[in-house]
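Heads up, the thing below is written out as structure tokens.
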Amino acid sequence: MYSEKVMDHFQNPRNVGEIENASGVGTVGNAKCGDIMRIYLDIDENHIIKDVKFKTFGCGAAVATSSMATELVKGKTIEEAMKITNRAVMEALDGLPPVKVHCSLLAEEAIHAALWDYAEKHGIVIEGLEKPKSDIHEDEEEKEEY
Ligand code: FES
């Protein structure tokens, strides 16, 4: 059911933990399954993501996608990180079963929420970044209708 990469990132998740005095912190949840994700970003003056950590109270797919998402944004600029979608994360993991696709949204949204927090603290605007939702479940319902 799960690819080897998903199993690897679930069993040995990368970048678990927290960053003290992080540049940006984002937390999102999904009220439907009750899972919660928090992402910490350390961003330098050149807008490069020097470090990233995550903590989750979530399912295995949420752990694996967050682990892969943190690997993908590490060392990237904010602009590059904005382009990393949950789809890209899933591809990097060789796919997820359809019922688990929503789990990958937690990581993407938590990264966006952390970037939003960073932008607010620094009085900057990040192109394409919208105010994050604290619960991604509503969004999912809309998408499911199509
Ligand atoms: Fe909730 Fe996977 S079941 S994030």
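In each ligand, atom 1 is the first atom listed, and ligand 1 is the first ligand listed. Side chains included, hydrogens not; waters and symmetry mates left out as well; all remaining heavy atoms used.
- Taking 4.0 Å as the cut-off, His102 counts as a neighbour of ligand 1 on heavy-atom distance.
- Using a 4.0 Å cutoff on heavy atoms, Asn30 does not count as a contact of ligand 1.
- When atom types are taken as modelled, the side chain of Thr27 and the backbone of Ile39 share no donor-acceptor pair closer than 3.5 angstrom.
- Side-chain N/O atoms of Asp94 and Ser3 include no donor and acceptor closer than 3.5 Å.
- Counting heavy-atom neighbours within 6.0 Å of Tyr2 OH, excluding the residue itself, gives a total above 12.
- Proximity of Tyr118 to His47: side-chain heavy atoms (C-beta onward) are separated by under 4.5 Å at one or more points.
- Our summary of the site lists the angle at atom 2 (Fe) of ligand 1 between SG of Cys59 and SG of Cys103 as 100°, to the nearest 10 degrees.
- Few gaps surround NZ on Lys121; more than 12 heavy atoms of other groups in view lie less than 6.0 Å from it.
- Remark: minimum distance from atom 1 (Fe) of ligand 1 to any protein heavy atom is reached at Cys33 SG, 2.1 Å.
- The nearest heavy-atom contact from the protein to atom 4 (S) of ligand 1 is Asp35 OD2, 3.0 Å.
- The closest approach between a heavy atom of Lys32 and any atom of ligand 1 is not below 4.0 Å.
- In this structure, Glu18 pairs ionically with Lys55, as a charged nitrogen and a carboxylate oxygen lie closer than 4.0 Å.
- Close contacts of ligand 1 with Leu106, meaning ligand atoms under 4.0 Å from a residue heavy atom, involve 4 (S).
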